[in-house]
A.B. asks: 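The structure follows.
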Amino acid sequence: MKFILSNFTLSFFILGLLTAAISLFRAQKPVSKAAVIEALFAHFLLFSVGISYLYNFVMHVFFAEMAARFIGWANSPFQYEVGYASLGFGLIGLLACRGNSGLRLAALLGVTPFLWGAAGGHLYQMIAAHDFSPGNAGIVFWTDIFLPVIGWLLFCKSKTTLANKSVQPV
């Protein structure tokens with residue numbers, strides 16, 4: 001359980017894949033390529049953006065000392081700023097999972113620079129401060145890099161497969 005909660009970005013990503021698979025399994029057959037992409041993207045936005053960032057909000061605002069220790073940093077007012085930014089990203093992710101392409105674009109435009117900036121900060125801390133704490137150099141570092149890539153791939157794929165089609169989220 002500690003591994004799952006400590007590596008929440010990966011945990012919520014996997015949970016999104018599992019729930020997308022379940023929804024596709026339960027969907028009327030045959031399932032189109034567009035429906036598969038829609039399910040993957042909707043569940044990615046729900047779990048990897050919506051719920052993940054709400055979790056991040058709770059951790060940075062209500063458990064700031066523990067979150068700072070996990071990252072290898074001292075607690076500071078910055079924890080609350082990250083927490084409230086995460087609250088905004090999480091709420092947008094919840095709306096975007098069932099939203100139109102404009103809302104989905106906004107969700108990705110918000111989290112991408114945040115995550116890539118965080119990855120750059122983590123890398124700097126690894127080099128300059130030799131901070132290899134799990135919350136700085138572990139799975140979180142890698143998901144900071146790759147989750148936006150996955151999100152953009154799903155967005156681009158959904159734009160090409162759903163062009164001029166009406167496919168409802170699964």
A.B. asks: Taking Asn100 for the side chain and Leu103 for the main chain, is one N or O donor matched with an acceptor at less than 3.5 Å?
C.D. replies: yes

A.B. asks: Short question: side chain of Asn136, backbone of His122 - any donor-acceptor pair under 3.5 Å?
C.D. replies: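 A pair under 3.5 Å: yes.
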
A.B. asks: What do the steps show when you test Val49 against Ile92 for side chain to side chain contact (heavy atoms under 4.5 Å, CB included), and what is the final call?
C.D. replies: CA-CA 8 Å; Val49 179; Ile92 290 171; 6.0 Å; no

A.B. asks: With hydrophobic residues grouped by side-chain heavy-atom distances under 4.5 Å, do Phe41 and Leu147 end up in a single group?
C.D. replies: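 Yes, one cluster joins them.
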
A.B. asks: Is there a donor-acceptor pair under 3.5 Å between the side chain of Arg104 and the backbone N or O of Phe155?
C.D. replies: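 Looks like no, no N/O pair under 3.5 Å.
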
A.B. asks: Measure from the side-chain N and O atoms of Thr112 to the backbone N and O of Leu109, and report whether any donor-acceptor pair falls under 3.5 Å.
C.D. replies: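 No: the side chain of Thr112 does not pair with the backbone of Leu109.
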
A.B. asks: Verify, without hydrogens or angle tests, whether Ser6 (side chain) and Phe3 (backbone) share a donor-acceptor contact under 3.5 angstrom.
C.D. replies: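 Checked: no pair found.
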
A.B. asks: Side chains of Leu154 and Glu38: closer than 4.5 Å at any heavy-atom pair?
C.D. replies: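 When only atoms from C-beta onward are counted, Glu38 and Leu154 do not touch, as no gap falls below 4.5 Å.
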
A.B. asks: Would you call the rings of Phe146 and Trp142 parallel, tilted or perpendicular if under 30° counts as parallel and over 60° as perpendicular?
C.D. replies: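 Ring orientation of Phe146 relative to Trp142: parallel.
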
A.B. asks: Run the numbers on Gln125 and Phe132 for side chain to side chain contact (heavy atoms under 4.5 Å, CB included), then give the verdict.
C.D. replies: CA-CA 8 Å; Gln125 289 298 314; Phe132 292 95; over 6 Å; no

A.B. asks: To the nearest 0.5 Å, tell me how far Asn56 CG sits from Phe12 CZ.
C.D. replies: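 Going from CG on Asn56 over to CZ on Phe12, the span is 10.0 Å.
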
A.B. asks: Report the distance from atom CG of Leu94 to atom CD1 of Ile51, rounding to the nearest 0.5 Å.
C.D. replies: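 Reported to 0.5 Å precision, the distance equals 6.5 Å.
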
A.B. asks: Please check if the distance between the ring centroids of Phe13 and Phe47 is under 6.0 Å.
C.D. replies: no

A.B. asks: Ser76 side chain to Phe78 main-chain N or O, any donor-acceptor pair under 3.5 Å?
C.D. replies: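 Such a contact is found between Ser76 side chain and Phe78 backbone.
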
A.B. asks: Out of curiosity, does Met1 fall in the hydrophobic cluster containing Val58 (side-chain heavy atoms, cut-off under 4.5 Å, transitive links)?
C.D. replies: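 Yes; Met1 is reachable from Val58 via cluster members.
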
A.B. asks: Decide yes or no on ring-ring contact (aromatic ring centres under 6.0 Å, His included) for Phe57 and Phe89, but give the supporting numbers first.
C.D. replies: CA-CA 9 Å; Phe57 158 70; Phe89 293 142; over 10 Å; no

A.B. asks: Kindly compute the distance separating CZ (Phe114) from CG (Asp144), expressed to the nearest 0.5 Å.
C.D. replies: 8.0 Å

A.B. asks: Does any N or O in the side chain of Ser48 come within less than 3.5 Å of the main-chain N or O of Leu45, such that one atom is a donor and the other an acceptor?
C.D. replies: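 Here the side-chain-to-backbone pair does not exist.
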
A.B. asks: Do the side chain of Thr19 and the main chain of Gly16 share a donor and acceptor less than 3.5 angstrom apart?
C.D. replies: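 Checking the backbone N and O of Gly16 against the side chain of Thr19, a donor-acceptor pair under 3.5 Å is found.
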
A.B. asks: Is it the case that one hydrophobic cluster holds both Phe8 and Leu5, taking links as side-chain heavy atoms less than 4.5 Å apart, direct or via other members?
C.D. replies: yes

A.B. asks: State whether the side chain of Tyr80 and the backbone N or O of Ala64 hold a donor-acceptor pair below 3.5 Å, judged by distance alone.
C.D. replies: no

A.B. asks: Would you give the length of the straight line joining atom CG of Leu15 to atom CG of Leu46, rounded to the nearest 0.5 angstrom?
C.D. replies: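 Here the rounded value is 8.5 Å.
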
A.B. asks: Side chains of Phe70 and Ser133: does their closest heavy-atom pair fall under 4.5 Å?
C.D. replies: no

A.B. asks: Quick check: do Asp131 and Tyr124 have side-chain heavy atoms less than 4.5 Å from each other?
C.D. replies: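 The answer is no; the side chains never approach within 4.5 Å.
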
A.B. asks: For a side chain to side chain contact (heavy atoms under 4.5 Å, CB included) check, start with the C-alpha distance between His43 and Ser23, then their side-chain angles and the critical distance, and finish with the verdict.
C.D. replies: CA-CA 10 Å; His43 289 257; Ser23 71; 3.6 Å; yes

A.B. asks: Can you tell me how far apart OG (Ser86) and NE2 (His60) are? Round to the nearest 0.5 Å.
C.D. replies: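 Atom-to-atom, Ser86:OG and His60:NE2 are 6.0 Å apart.
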
A.B. asks: Is any side-chain heavy atom of Lys2 closer than 4.5 Å to a side-chain heavy atom of Ile4?
C.D. replies: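 In short, these two side chains do not touch, never coming nearer than 4.5 Å.
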
A.B. asks: For a 4.5 angstrom cut-off between non-hydrogen side-chain atoms, does Leu87 reach Tyr53?
C.D. replies: no

A.B. asks: Calculate, to the nearest 0.5 Å, the distance between atoms OG1 and NZ belonging to Thr160 and Lys157 respectively.
C.D. replies: 5.0 Å

A.B. asks: Should Ile145 and Met126 be counted in the same cluster of Ile, Leu, Val, Met, Phe, Trp and Tyr side chains packed under 4.5 Å apart?
C.D. replies: yes

A.B. asks: Could you walk me through whether Phe44 and Leu17 pass side chain to side chain contact (heavy atoms under 4.5 Å, CB included), step by step?
C.D. replies: CA-CA 7 Å; Phe44 173 84; Leu17 290 176; over 6 Å; no

